[in-house]
Number of protein chains: 4
Amino acid sequence: MGHDMGNAGRRQRRKEERPGEILEAAFEEFARSGFAATKLDDVAARAGITKGTIYLYFPSKEDLFLATVREMNRPSQENLAALTAVPQGSAMAILRTHFAFVYEHMVEDRRAREILRMLMAEVSRFPDLADRWRAEVIGPAVENLRRVVRYGIERGEFRASAAEEFPHLLFAPVMMACTWRLMFGDDHALDGAAYLAGHLDLMERGLAQGVGEGGGV
Amino acid sequence: MGHDMGNAGRRQRRKEERPGEILEAAFEEFARSGFAATKLDDVAARAGITKGTIYLYFPSKEDLFLATVREMNRPSQENLAALTAVPQGSAMAILRTHFAFVYEHMVEDRRAREILRMLMAEVSRFPDLADRWRAEVIGPAVENLRRVVRYGIERGEFRASAAEEFPHLLFAPVMMACTWRLMFGDDHALDGAAYLAGHLDLMERGLAQGVGEGGGV
Amino acid sequence: MGHDMGNAGRRQRRKEERPGEILEAAFEEFARSGFAATKLDDVAARAGITKGTIYLYFPSKEDLFLATVREMNRPSQENLAALTAVPQGSAMAILRTHFAFVYEHMVEDRRAREILRMLMAEVSRFPDLADRWRAEVIGPAVENLRRVVRYGIERGEFRASAAEEFPHLLFAPVMMACTWRLMFGDDHALDGAAYLAGHLDLMERGLAQGVGEGGGV
Amino acid sequence: MGHDMGNAGRRQRRKEERPGEILEAAFEEFARSGFAATKLDDVAARAGITKGTIYLYFPSKEDLFLATVREMNRPSQENLAALTAVPQGSAMAILRTHFAFVYEHMVEDRRAREILRMLMAEVSRFPDLADRWRAEVIGPAVENLRRVVRYGIERGEFRASAAEEFPHLLFAPVMMACTWRLMFGDDHALDGAAYLAGHLDLMERGLAQGVGEGGGV
DNA sequence: AATGAATGAGGGTTCATTCAT
DNA sequence: TATGAATGAACCCTCATTCAT
C-alpha cells in the first residue's frame with residue numbers, strides 16, 4: 001500500500017545471486033527433511049523470497065532437488081580432482097595427506113555429510129543421482145586410492161593385500177565417521193584427531209610390508 | 001499369491017497374522033520411498049487389504065513407521081545379544097567368527113541394510129529412533145568389540161591401539177559395505193568372501209603385536 | 001480365549017430389550033453430539049454391544065435416529081393426550097394445573113429438552129420430524145391451550161385477548177426455560193418454583209378480566 | 001453471479017473481500033447442516049472459490065465455524081448495546097419500542113434465528129460459544145429489561161412482580177417466535193404485527209399497576 | 001523479476017455399512 | 001443373535017504449481 005520505494009532497492013539487489021541463495025536454502029531443507037517432506041514454502045522462507053519466485057529459476061521441485069545435489073557436489077569434485085596428481089614420495093605419506101584432507105572435507109564438513117544422507121534417502125526416487133555420484137565422485141576417489149596402494153606395493157612399501165582390490169577398506173573409517181555423525185548427531189561424533197590418527201595407524205600396520213617379509217607376496 | 005481358494009479369501013479374519021503382514025508390507029514401502037513419500041494405499045495394496053484395515057492395528061502412519069522399525073530391529077537385537085558371551089581362545093578367532101556373523105546379518109540381509117537407510121533418512125522426524133538404535137543395537141555391538149580387543153591385548157595377542165578406544169574402526173568396513181550396497185544397488189555390491197577376507201586380513205595385521213615388538217605371541 | 005461359558009448367559013438374557021437399550025444409548029449420543037457427529041461405535045459402546053448388532057435392529061443410522069426421536073416422544077404424547085379432557089371449573093385453575101404439569105414434563109425432564117434440541121438441529125436433514133412433532137405434539141398442545149382460553153372467556157373469567165389467537169404467548173415461558181437450560185446448562189437454569197409462579201402470576205394478570213372493566217374491551 | 005466479465009473473474013485477487021464472502025457462505029452451510037455435516041467443499045462452492053482457498057484465511061473448519069458465529073453475532077451486539085440508554089418517559093413505551101426493535105432483529109432477521117440454532121446444536125462441541133453469547137448478548141439484554149422493569153416499578157407504573165427477577169418472562173414470546181419459525185419454517189411463522197401486539201398487550205396487563213390497587217404490593 | 005492469491009489433485013484419517021463366522 | 005474384522009467412500013487438510021498483477 002502507498003509508495004513502496006523503500007524495498008525497491010532490496011529487489012534490485014543481486015539477480016544472479018538468487019539461484020544460489022535458493023539452492024542454499026533448498027539444501028538446508030532437503031537435508032533436514034528429505035525430498036518429500038520438504039515444503040517449497042519453507043525453502044522460500046529460508047531464502048527470504050516467496051514460493052512463486054522459486055519457479056522463476058527452477059521448473060519443479062524435482063529439478064530444484066537435482067540442482068541442489070549437483071551444486072553441493074561441485075566443491076568435492078574440484079577437491080578430489082586435485083588429488084589425482086602423480087604420486088611421489090612415501091605412499092604412506094600420501095595416504096596421510098589424503099585422509100587428512102578427506103576427513104576435513106567429508107567428515108567435518110556438514111554439507112558433505114548431508115549430501116550422503118540425501119543420496120541414500122532418495123536413491124529410489126532419483127536413481128541417476130547415485131550413479132552419477134559414483135561415476136564422478138566416489139569412483140574416482142576409489143581409483144585414486146587404488147593407485148596409491150599400487151604405488152606403495154610397487155615401491156616395496158606396502159605388501160600385496162586386499163586393499164588393492166578393495167580400496168574401500170581403507171576408506172571405510174571415513175564413511176563410518178560420516179554415517180555415525182549423521183545418525184547420532186554432532187554430540188556423539190566420533191571424529192577428531194584421535195580417530196583419524198587411529199585410522200592411519202591401523203591402516204599403516206595393515207598395509208605395511210611386515211618386518212623380515214622381504215619384497216614378495 | 002499362495003493358495004487362495006476362490007473368493008473365499010476376501011474378508012478373511014486373521015487378527016493374529018494381520019499386524020505382521022502389514023508391518024511386512026510397510027517395511028517394503030517405507031524402505032523404498034521413505035516415510036513421507038509412502039502412501040498407506042500402497043502399503044495396504046501390498047498387504048492385500050484396504051487402507052482402512054491398517055487403522056484397525058495401527059493408530060497412525062507414524063505409529064506404523066515406528067512399529068515397523070522396531071519389528072525389523074528385533075532380529076538384530078537378538079542376534080547381537082548372542083554375542084555377549086565371555087570371550088575365550090584366540091581373540092582374532094573371535095573376531096573372525098564375529099565378523100562372519102555380522103556380514104551375514106548386516107550386509108547380506110537386505111532388511112538390516114534398509115533399516116539403516118530408514119534411520120538415516122528419518123532421523124530428524126523421529127529423533128528417538130536413532131537414539132534407541134544406538135542404545136540397544138549399535139552401542140552394545142561396539143562395546144562387545146571393545147571387550148574382544150581388550151581381551152586380545154590382555155593376552156598379548158594384540159598390541160595397544162586406537163581400536164580400543166574406537167572399535168568403530170574395526171567395524172567400519174561393514175558399514176562401508178552396507179552403505180555402498182544401499183546406494184549403488186546389488187549389482188555393484190562390494191561384498192562377498194573376498195571383501196570379508198580382505199577386511200579380516202587388514203584388521204589382523206593392524207591389530208597384531210608386531211614381530212619382534214616384544215610381548216607378542 | 002479359553003472357555004467362554006461365562007458370558008453365555010449375558011447374551012441370552014433379554015432379546016426384546018435390546019432395541020430399547022439401543023434407543024436409549026442412541027438418544028444420549030444423538031442428544032450430545034447431533035446426528036452427523038454421533039458415531040455408531042459410541043452408541044454401541046454405551047449400549048454394551050458391538051456396532052454390528054445395531055444393524056440387526058435398525059437398517060441404518062438414519063432409521064436409528066428417527067426411531068430414537070419417535071421413541072422419546074411417545075411419553076409426551078400420552079401425557080399431553082391426558083390433557084384433552086373437557087374443561088370444568090376455573091379456567092385459571094386449569095391453566096395452573098396444566099403448566100405445573102408442563103413444567104415438570106418439558107422443562108425439568110432432560111429428555112424432553114434434548115428432543116427439542118435434536119429437532120431444531122436436524123430440521124433440514126429430517127424435515128418430516130418437525131412436521132410430525134407439530135402435528136402430533138405441539139399442535140394439539142396449542143389447541144388445548146386455546147380451548148382453555150376460550151372457555152375462560154366464555155365464562156367471563158378472561159378478557160378477550162391475543163392469547164386466543166396465539167396461545168403460544170402463554171406457552172412461551174416454557175420454551176424460554178427449555179432453551180435457556182439447553183444452551184447454558186443446568187447450572188444456569190431458570191426454572192424452579194419461583195419462575196413458574198412468576199409465569200402464572202403474569203399470565204393471570206394478563207388474561208384476567210380487569211377490575212371494573214365490565215365484559216367488554 | 002453479478003457482473004462477471006468473461007473468464008477474467010477467475011483467480012481474482014480479492015484479499016480484502018474474501019474472508020467476508022467465505023464467512024457468508026459458511027454461515028449458510030453451517031446453518032443448514034450443522035457443523036459436522038457441513039462440507040468445506042460446499043462452503044467453497046457457495047463462495048465461488050475452491051476448498052484450498054478457505055485455508056488461506058481460516059486455519060481449520062473449527063476456526064471457520066467460530067469466526068462465522070462471531071461475525072454473525074456482531075450486529076446483535078451493536079444493536080443491543082444501543083438499548084442501554086438511560087430510560088425516560090413511560091416504562092411501557094420503552095418496552096414497546098424495545099420489543100418492536102427486538103422482533104425486527106431477532107425474529108424477522110433470519111440470521112439471528114440461525115445463530116440461535118447453531119448455538120443450540122453445537123453447544124457440546126463448542127461450549128465457549130454459548131457462554132460467550134450469554135455474557136455478551138443475552139445477559140446484557142436481560143439486564144436491560146430488568147432495568148426498565150425496575151424503572152417502571154419506581155415510577156409507580158408497574159407493580160412489583162416476578163418480571164423483576166425473571167425478565168426472561170417478558171422476553172419469552174420472542175424466543176417462542178424464534179424457535180417456532182426455526183423449527184416449522186417461514187410458512188408456519190407466528191410472527192407478524194398481531195403476535196407482537198398480543199405480546200405487548202398481555203405484557204402490559206401483566207405488569208401494570210392494577211386499577212384501585214394503589215401503590216402497594 | 002517478484003509477488004501471493006488461487007487452484008486442485010492427493011493423502012491421512014474416519015466411520016457407516018457389510019459379511020463370514 | 002451377536003460379533004468384529006474388513007471395506008470403501010468421503011472429508012479435512014496440505015502443498016506443488018499456476019497466473020494475474
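Computation of the quantities below employed the complete heavy-atom set of this structure, encompassing side-chain atoms and omitting hydrogens, waters and symmetry-equivalent molecules. Proteins get letters first, then strands, A, B, ... in listed order; numbering begins at 1 in each. What you are looking at is a predicted structure, and each value in this text was computed from that prediction instead of being measured.
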Can I get a per-line list of side-chain donor-acceptor pairs under 3.5 Å for residues 22-31 of chain D, giving both atom names and the distance, sequence neighbours left out?
| unit_1 | atom_1 | unit_2 | atom_2 | d |
| --- | --- | --- | --- | --- |
| E24(D) | OE1 | R111(D) | NH2 | 2.4 |
| E24(D) | OE2 | R111(D) | NH2 | 2.5 |
| E28(D) | OE1 | R110(D) | NH1 | 3.3 |
| E28(D) | OE1 | R110(D) | NH2 | 3.1 |
| E28(D) | OE2 | R110(D) | NH2 | 2.7 |
| E29(D) | OE2 | R46(D) | NE | 2.8 |
| E29(D) | OE2 | R46(D) | NH2 | 3.2 |

Inset, instruction - Describe the nucleic acid contact of Y57(B) in one word from base, sugar-phosphate, nothing, applying a heavy-atom distance below 4.0 Å. - result: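 The answer is sugar-phosphate, as Y57(B) gets under 4.0 Å only of primed atoms, P, OP1 or OP2.
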Inset, instruction - Tell me what L56(D) touches on the nucleic acid: a base, only sugar-phosphate, or nothing, going by heavy atoms under 4.0 Å. - result: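 Counting heavy atoms under 4.0 Å across all strands, the contact made by L56(D) includes a base.
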Find the distance [X]:[atom1] to [N]:[atom2] and express it as a whole number of Å.
X: E62(D); N: dC12(F); atom1: CD; atom2: C1'; answer: 12 Å
X: L64(D); N: dC13(F); atom1: CG; atom2: C1'; answer: 13 Å
X: F58(B); N: dT14(E); atom1: CZ; atom2: C1'; answer: 18 Å
X: I22(D); N: dA6(E); atom1: CD1; atom2: C1'; answer: 11 Å
X: K51(B); N: dA10(F); atom1: NZ; atom2: P; answer: 13 Å
X: F65(C); N: dA16(E); atom1: CZ; atom2: P; answer: 14 Å
X: Y55(D); N: dG8(E); atom1: OH; atom2: P; answer: 17 Å
X: L40(D); N: dT7(E); atom1: CG; atom2: P; answer: 14 Å

Legend entry - Nearest-nucleotide comparison on DNA chain F, the residue closer to the 5′ end among S60(D) and I54(B):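 The residue closer to the strand's 5' end, by nearest nucleotide, is I54(B).
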Legend entry - First encountered from the 5' end of DNA chain F, between G52(C) and F35(A):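 This one resolves to G52(C).
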Inset, instruction - Determine to 10° how strongly the helix from dA2(E)-dT21(F) to dT21(E)-dA2(F) is bent, judged from the axes of its five-pair ends. - result: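 Answer rounded to 10°: the end axes differ by 10°.
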Inset, instruction - Would you mind telling me which residue lines up with the more 5' stretch of DNA chain E, G48(A) or D41(C), judged by nearest nucleotide? - result: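 The residue closer to the strand's 5' end, by nearest nucleotide, is G48(A).
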Inset, instruction - In sequence, state the C-alpha distance, the side-chain angles, and the governing distance for R18(A) and L56(A), and then conclude on side chain to side chain contact (heavy atoms under 4.5 Å, CB included). - result: CA-CA 10 Å; R18(A) 273 277 179 271; L56(A) 295 178; over 6 Å; no
Inset, instruction - Check whether any side-chain heavy atom of M183(D) lies under 4.5 Å from a side-chain heavy atom of L116(C), and answer yes or no. - result: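 Touching, per the 4.5 Å side-chain cut-off.
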Legend entry - Minimum side-chain heavy-atom gap L182(C)-V123(D) below 4.5 Å: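 No, their side chains stay 4.5 Å or more apart.
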Legend entry - E16(B), CD: over 12 other non-hydrogen atoms inside 6.0 angstrom: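 Atom CD in E16(B) is not packed in, count stays at 12 or less.
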Inset, instruction - Indicate the atoms forming the closest heavy-atom contact of Y55(D) with S60(D), along with that distance. - result: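 Scanning both residues, the minimum pair turns out to be CE2-CA, 4.1 Å.
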Where the side chain of [X] is concerned, which of [options] is the nearest nucleotide?
X: T50(A); options: dG12(E), dA6(E), dT3(E); value: dT3(E)
X: I49(D); options: dT3(F), dT7(E), dA16(E); value: dT7(E)
X: K61(B); options: dT13(E), dA16(F), dT18(E); value: dT13(E)

Would you be so kind as to tabulate the donor-acceptor pairs closer than 3.5 Å made by side chains of residues 124-133 of chain A, with sequence neighbours excluded?
| unit_1 | atom_1 | unit_2 | atom_2 | d |
| --- | --- | --- | --- | --- |
| S124(A) | OG | R32(B) | O | 2.4 |
| W133(A) | NE1 | N73(A) | OD1 | 3.3 |

Legend entry - T53(B) vs dT7(F): side-chain N/O to OP1/OP2 distance below 4.0 Å: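 Indeed, a polar side-chain atom of T53(B) lies that close.
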